[in-house]
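Notes follow the structure.
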Amino acid sequence: MANTKEIKTRMNSVRDTQKITNAMYLIASTKLRKTKAEFDRARPYFRSLQGEIKRIFRTAKDVESRYFYPADGSPMPDGAYGCLVITADKGLAGAYNLNVIKKAQQLLAEHENTKLFVVGEYGRQFFMQHGIPIEQSFLYTAQNPTMQRAREISAVLLDRFDTGELTKIFIIFTDMKNSLNEEARVERLLPFHRKRFADTDAKERPVTTSFEFSPSIGEVLDTVIPSYVAGYIYGALVDSFCSEQNSRMTAMDAANRNAEKLLANLSVEYNRVRQAAITREITEVSAGAKAQRRKREREAAKG
């Protein structure tokens, strides 16, 4: 059984760790609020882009674009897939990273000719350690996503898609539905289905005014789509980052609760050991006093 000094040393160690987990919880909470606020400010712009794409399809439903499946429903040619995998730069976030990696492994198993484009040091290290080739790794941190970084990623993926090197592009990220529900998702980024931009609002009025597109409606659509793709990637980066912070908050909160339970158990053990030591000392003093009394009595009897 450990002595009181060893127990106190362990209790101090747990308290020090608890200070770290508390600090990490507060930092994650602050980052989560800040990032969500920034994305909320940018959200109206991307909604406007989506609205303009819908307007184009309301005007000319049969418009052709390399970013969309053909209007006649014919399949796209098969070829190499591109997959953007968004992970964190570090762990201590529960199953956040592993859920994303599992989705990536499933996609690789279903389609072997898939090229990985990775954001985040955790995913980069995992694929390297397991001998899984990475087509390109975006070396800047996954922390604090920005629109500029999303445009850089979008430019790389669109260039591969435009040249025909990639026939489909997927994105794997974590969707934060709410503070209690997160889901790692695989979404096809390109090509789009036309129904994705179909009007579902019954109150939407039909287009009665003719619009003039210059130089052509197809080129206007092809010009808008890269901005929309960059916005979608930015949204995925923000969503993943918020999910990471939320997972870290959950993990640190669980660590704090476990630390409280551990401290309570150690406190009980400390009091038990301390009481046992006190009892032992009292017993030793009492036995010594009794021995001295008996000695005096024997000496008095002899005298």
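In what follows, every heavy atom counts, from backbone to side chain, and hydrogens, waters and symmetry copies are set aside. Keep in mind that this is a model prediction, so the values were computed, not measured. Index from 1, following the sequence.
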Item checked: All pairs passing ring-ring contact (aromatic ring centres under 6.0 Å, His included) where residues 104-124 contributes a residue, at least two apart -> Tyr81-His111

Check: Is Glu244 salt-bridged to Arg248, going by a charged N under 4.0 Å from an acidic O?
Finding: yes

For residues 16-27, please give each side-chain donor-acceptor pair under 3.5 Å, one per line with the distance, not counting sequence neighbours.
residue, atom, partner, partner atom, Å
Thr17, OG1, Ser13, O, 3.0
Gln18, NE2, Glu260, OE2, 2.7
Thr21, OG1, Thr17, O, 3.4
Thr21, OG1, Gln18, O, 2.9
Thr21, OG1, Asn256, OD1, 2.4
Asn22, OD1, Asn256, ND2, 2.8
Asn22, ND2, Gln18, O, 3.2

Note to self: Tell me the closest heavy-atom pair linking Phe173 and Ile86, and the distance in Å.
What the structure shows: CB-CD1, 4.1 Å

Next item on the list: Show your working on salt bridge (Lys or Arg N to Asp or Glu O under 4.0 Å) between Glu121 and Arg124 and close with a plain yes or no.
Entry: CA-CA 5 Å; Glu121 185 63 26; Arg124 189 158 44 243; 2.6 Å; yes

Next item on the list: Nearest 0.5 Å please: distance from the CG atom of Leu190 over to the CZ atom of Arg66.
Entry: 10.0 Å

Check: Should Val85 and Val119 count as side-chain neighbours, where that means a heavy-atom distance under 4.5 Å?
Finding: no

Note to self: Applying a strict under-4.5 Å side-chain criterion to I, L, V, M, F, W and Y, I'd like to know whether Phe192 and Leu158 cluster together.
What the structure shows: yes

Check: Are Leu189 and Ile134 connected, step by step, through hydrophobic side chains (Ile, Leu, Val, Met, Phe, Trp, Tyr) whose heavy atoms are closer than 4.5 Å?
Finding: no

Notebook entry, point to check: Which is it for Phe138 and Val118 under the side-chain contact (heavy atoms from CB on, under 4.5 Å) test, yes or no, and what are the steps along the way?
Noted result: CA-CA 6 Å; Phe138 299 98; Val118 181; over 6 Å; no

Next item on the list: Kindly work out whether a path of hydrophobic side-chain contacts (I/L/V/M/F/W/Y, heavy atoms less than 4.5 Å apart) joins Tyr96 to Phe241.
Entry: no

Note to self: Just so I know, are the side chains of Pro191 and Phe68 near enough to count as touching, which here means a heavy-atom distance under 4.5 Å?
What the structure shows: no

Check: How many angstroms lie between CG in Asn113 and NZ in Lys168, if you round to the nearest 0.5 Å?
Finding: 12.5 Å

Item checked: All side chain to side chain contact (heavy atoms under 4.5 Å, CB included) counterparts of Lys290, not counting sequence neighbours -> Arg293, Arg294

Item checked: Separation of Leu266 CG from Lys261 NZ (nearest 0.5 Å) -> 14.0 Å

Item checked: Heavy-atom closest contact (Pro226 atom, Tyr67 atom, distance) -> CG-OH, 4.3 Å

Checklist line | ring-ring contact (aromatic ring centres under 6.0 Å, His included) partners for Tyr270, two or more places apart | finding: none

Next item on the list: Keeping the roles fixed (side chain from Asp253, backbone from Met249), state whether a donor-acceptor pair exists under 3.5 Å.
Entry: no

Note to self: Does any part of the side chain of Gln136, heavy atoms only, come nearer than 4.5 Å to the side chain of Arg160, both counted from C-beta?
What the structure shows: yes

Item checked: Shortest non-hydrogen contact from Thr174 toward Ser240 -> N-OG, 3.3 Å

Check: Do you reckon Phe170 sits in the same ILVMFWY cluster as Phe126, going by side-chain contacts under 4.5 Å, direct or chained?
Finding: yes

Donor-acceptor list for residues 102-110 side chains, cut-off 3.5 Å, not counting sequence neighbours:
none

Next item on the list: Check salt bridge (charged side-chain N to carboxylate O under 4.0 Å, His left out) between Asp159 and all other residues, then give those that pass, not counting sequence neighbours.
Entry: none

Next item on the list: Measure the spacing between CG of Leu157 and CD of Glu152 and express it to the nearest 0.5 Å.
Entry: 12.0 Å

Notebook entry, point to check: Once you round to the nearest 0.5 Å, how far does CD1 of Ile153 lie from CZ of Arg149?
Noted result: 9.0 Å

Next item on the list: Return the set of residues passing salt bridge (charged side-chain N to carboxylate O under 4.0 Å, His left out) with Arg151 (not counting sequence neighbours), or none when no residue passes.
Entry: none

Notebook entry, point to check: Quick one: hydrophobic cluster around Val268, which other residues, with the 4.5 Å side-chain cut-off, linked directly or via members?
Noted result: none

Next item on the list: Test side-chain contact (heavy atoms from CB on, under 4.5 Å) on Ile169 and Leu84 and set out the steps.
Entry: CA-CA 8 Å; Ile169 296 177; Leu84 177 64; 5.7 Å; no

Next item on the list: Using modelled atom types only, decide if a donor and an acceptor are shared between the side chain of Asn258 and the backbone of Ala254 within a distance under 3.5 Å.
Entry: yes

Notebook entry, point to check: Considering residues, nucleotides and ligands other than Arg188, do more than 12 of their heavy atoms fall under 6.0 Å from its CZ?
Noted result: yes

Check: Can you name the side chain to side chain donor-acceptor pair (under 3.5 Å) partners of Ser29, sequence neighbours left out?
Finding: Arg33

Margin query: Hydrophobic clustering (ILVMFWY, side-chain heavy atoms < 4.5 Å, transitive) - are Leu166 and Ile233 grouped together?
Written below: yes

Check: What are the two closest heavy atoms between Pro133 and Leu116, and how far apart are they?
Finding: O-CD1, 4.0 Å

Notebook entry, point to check: Quick one: salt bridge (charged side-chain N to carboxylate O under 4.0 Å, His left out) partners of Lys115, sequence neighbours excluded?
Noted result: Glu165

Next item on the list: Quick one: name the residues clustered hydrophobically with Ile282, using the 4.5 Å side-chain heavy-atom rule over I, L, V, M, F, W, Y, and just say none if it's on its own.
Entry: Ile278

Next item on the list: Would you confirm whether Ser154, through its side chain, and Ala150, through its main-chain N or O, come within 3.5 Å as a donor-acceptor pair?
Entry: no

Checklist line | Residues which pass salt bridge (charged side-chain N to carboxylate O under 4.0 Å, His left out) with Arg185, listed by chain and number, not counting sequence neighbours | finding: Asp175, Glu187

Next item on the list: Mind checking the CG-CD1 spacing from Asn271 to Ile7? Nearest 0.5 Å is all I need.
Entry: 9.0 Å

Checklist line | Non-hydrogen atoms of Ala236 and Ile171 that approach each other most closely | finding: CB-CD1, 3.4 Å

